[in-house]
Structures are given as structure tokens and as C-alpha cells.
Amino acid sequence: MSPTTFVLIIAFVVLVLTNLPRRGRATSHQDADHQGVVVYWRPGCTYCMRLRTRLRFTRLRYSEVNIWGDPEAAAFVRSVADGNETVPTVTVAGKAMVNPSKSQVLEAVRTQVDPQA
């Protein structure tokens with residue numbers, strides 16, 4: 001196997017794994033805990049892959065909602081993203097953030113837990 005083929009196989013595996021919802025976190029918009037953290041995403045979105053991968057290495061508890069599999073979730077994202085299906089969109093205690101970084105999500109959670117911060 002050539003080094004190029006090996007790299008392509010590894011890239012494909014990473015792409016597939018980062019597009020899968022984590023076990024126990026996938027849910028629908030209706031069933032998500034809207035008082036907690038909800039990550040709205042769609043397959044193939046590199047920004048979603050990046051945020052979701054980074055959040056996996058934290059202790060943050062959150063739900064994941066695939067907007068392509070849930071029309072109600074897609075409508076919600078459009079309602080907070082100027083009519084666009086911009087993902088990732090993250091809600092922390094019902095407050096929406098469009099395309100946030102990991103640090104912005106964690107800061108919003110910290111502020112929600114300790115409003116004096």
C-alpha cells in the first residue's frame with residue numbers, strides 16, 4: 001500500500017467517524033434538553049465535525065440533533081440564523097449561538113452555571 005493510499009484511507013475513516021452522532025447523545029429537537037446544551041449539526045459540515053470532535057474531549061454533557069434528519073430542528077436553526085441553516089448552531093439553556101468555537105460554548109456554559117462570572 002502506498003503512503004498516499006494509506007493517508008486517504010485514514011482521512012476517510014476520520015471523516016466517517018466525525019459524522020456519526022455519539023451514542024446516547026443523538027436526539028430530536030423535540031426530545032432535546034433545552035435547559036442544557038444542544039448541538040445542531042448536519043453530515044458533511046466541516047465546521048460541525050471540528051466543533052463536535054473538540055467537544056468530545058471535554059466533560060460537557062450535550063445532545064446532538066442532525067438538522068437533515070429533523071425538519072423541526074432545521075426550522076429552529078433557520079429561526080436563529082437569519083433564515084439560513086447555518087451549523088453548527090449550539091444552544092445553552094435555550095440561548096442560541098451560530099457557529100461558535102469550543103471556547104465560546106464552554107464560556108456560555110460556565111456563565112450559565114455561575115452568572116456572576
Side-chain angles (χ1 to χ4, degrees):
M1 179 182 311
S2 73
T4 303
T5 303
F6 180 74
V7 169
L8 289 174
I9 290 171
I10 295 299
F12 177 75
V13 168
V14 168
L15 181 66
V16 168
L17 292 177
T18 56
N19 269 299
L20 296 174
R22 282 196 70 185
R23 188 174 351 145
R25 296 192 186 202
T27 189
S28 67
H29 176 72
Q30 182 176 353
D31 296 334
D33 175 12
H34 296 285
Q35 295 308 308
V37 179
V38 182
V39 177
Y40 295 90
W41 67 285
R42 68 169 173 77
C45 170
T46 55
Y47 300 106
C48 298
M49 287 184 241
R50 181 194 211 165
L51 179 63
R52 291 170 62 227
T53 300
R54 290 179 177 177
L55 289 177
R56 287 181 182 179
F57 294 101
T58 69
R59 293 181 178 211
L60 182 65
R61 297 183 61 106
Y62 59 94
S63 300
E64 296 179 335
V65 179
N66 176 352
I67 67 166
W68 280 2
D70 186 341
E72 187 179 352
F76 170 75
V77 169
R78 285 191 304 273
S79 77
V80 298
D82 298 324
N84 301 305
E85 290 185 358
T86 306
V87 288
T89 293
V90 178
T91 60
V92 176
K95 296 178 184 173
M97 297 180 288
V98 178
N99 198 14
S101 66
K102 176 184 106 174
S103 60
Q104 289 171 318
V105 172
L106 296 177
E107 178 62 23
V109 170
R110 187 180 67 75
T111 303
Q112 183 63 32
V113 171
D114 182 12
Q116 302 301 322

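As a basis for the values below, the full set of heavy atoms in this structure was taken, side chains included, without hydrogen atoms, waters or symmetry mates.
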For [X], all residues meeting side chain to side chain donor-acceptor pair (under 3.5 Å), sequence neighbours excluded:
X: S2; answer: T5
X: Q35; answer: none
X: R78; answer: E85

Shortest non-hydrogen contact from [X] toward [Y]:
X: V38; Y: D33; value: CG2-O, 3.5 Å
X: T86; Y: T89; value: O-OG1, 2.5 Å
X: I67; Y: V87; value: CD1-CG1, 3.7 Å
X: N66; Y: P43; value: OD1-CD, 3.3 Å
X: Q104; Y: S101; value: OE1-N, 2.7 Å

Practice task
Say whether, by atom type as modelled, one donor and one acceptor occur between the side chain of T58 and the main chain of L55 under 3.5 angstrom.
Solution key: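 Indeed, once roles are kept as given, a pair shorter than 3.5 Å links the two residues.
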[Y] and [X], any side-chain heavy atoms less than 4.5 Å apart:
X: P88; Y: N99; answer: yes
X: R42; Y: Y47; answer: no
X: E107; Y: T111; answer: yes

Practice task
Give the intermediate values and the outcome of side-chain contact (heavy atoms from CB on, under 4.5 Å) for residues V37 and R61.
Solution key: CA-CA 7 Å; V37 179; R61 297 183 61 106; over 6 Å; no
Problem - Single-linkage hydrophobic cluster V98~W41, side-chain heavy atoms < 4.5 angstrom - result: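 In one cluster: no.
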Handout entry: D31: side chain to side chain contact (heavy atoms under 4.5 Å, CB included) partners, not counting sequence neighbours
Key = T27, S28
Problem - T4 side, atom OG1; I9 side, atom CD1 - distance, nearest 0.5 Å - result: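 Reported value, rounded in 0.5 Å steps: 11.0 Å.
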Completion exercise
The complete set of ring pair (Phe, Tyr, Trp, His ring centres under 6.0 Å) pairs with one or both residues in residues 73-98, sequence neighbours excluded, reads H29-F76, Y40-F76
